[in-house]
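Both counts, for ligands and for their atoms, begin at 1 and track the order of listing.
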Amino acid sequence: MTDSGVRAERVVTSGTFSLDGETFDVDNNVWLIGDDAEVLVVDAAHDAAAITAAVAGRRVTAVVCTHGHDDHIGAAAELGDATGAPVLLHPADRELWDHVHPRRKPDGDLTDGQRLEVAGTEVRILHTPGHTWGSCSLHAPFLDAVFTGDTLFHGGPGATGRSCSDRPTIVASIRQRLLTLPGGTVVHTGHGQDTTIAAERAHVPAAE
Ligand SMILES: [Fe+2]
């Protein structure tokens, strides 16, 4: 937590991830960035009720989707509708979104370099394609943190073995956009435990 009370809170929700005809059980990290008055939600996964409980009456400024895989966006429409907050997604992942929410569009686009305000501070959107074409990370300098979705995990790059993904692209995104952040930057991931930029440098190949 900073002196201003701005902090990152984690909610773990459970459900399934389906792609390319296979379905897996998964736990997802939902991140709330904000203070006692308002929060920005990163990845409304699986369970809108659990996220709403964690929001605890605070104003939701936006529901940001790091990418369009169904495990990360399953509760985004419901949470957006319930709170009035705009649901934001990079347009390159719109096809993935439409498979999950065919009758409810996102409310706005994420774009590289975009700044989103919350609790008197800003997060900056980094387009980090590779896990999906529209994958984005959120850099929060005031927290010395970056929220990477499924692009960078504790242990290295996210998965690229399925459709709409590419290993050389994710490696380039991580090297150019994430490993260039200060080494002490905490990496809050879409699944599993935190890491740091410095710790992950050894887990990312020079180029592929
Ligand atoms: Fe994913």
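- Side-chain contact annotation: Ser137 with Thr151, donor-acceptor N/O pair under 3.5 Å absent.
- Looking only at its N/O/S atoms, His69 has ND1 as the one nearest to the Fe ion (ligand 1).
- One side chain, Asp27 or Ser14, offers a donor N or O that lies under 3.5 Å from an acceptor on the other.
- Below 30°, between 30° and 60°, or above 60°: for His67 and His72 the angle between ring planes is between 30° and 60°, a tilted geometry.
- Taking backbone and side-chain atoms together, His72 has no N/O/S atom less than 2.8 Å away from the Fe ion (ligand 1).
- When rounded to 10 degrees, the angle formed at the Fe ion (ligand 1) by NE2 (His131) and NE2 (His67) equals 100°.
- In this pair, Phe147 and His188 present their aromatic rings tilted. The plane angle is within the 30 to 60° band.
- In summary, Asp150 places an N/O/S atom under 2.8 Å from the Fe ion (ligand 1), meeting the contact criterion.
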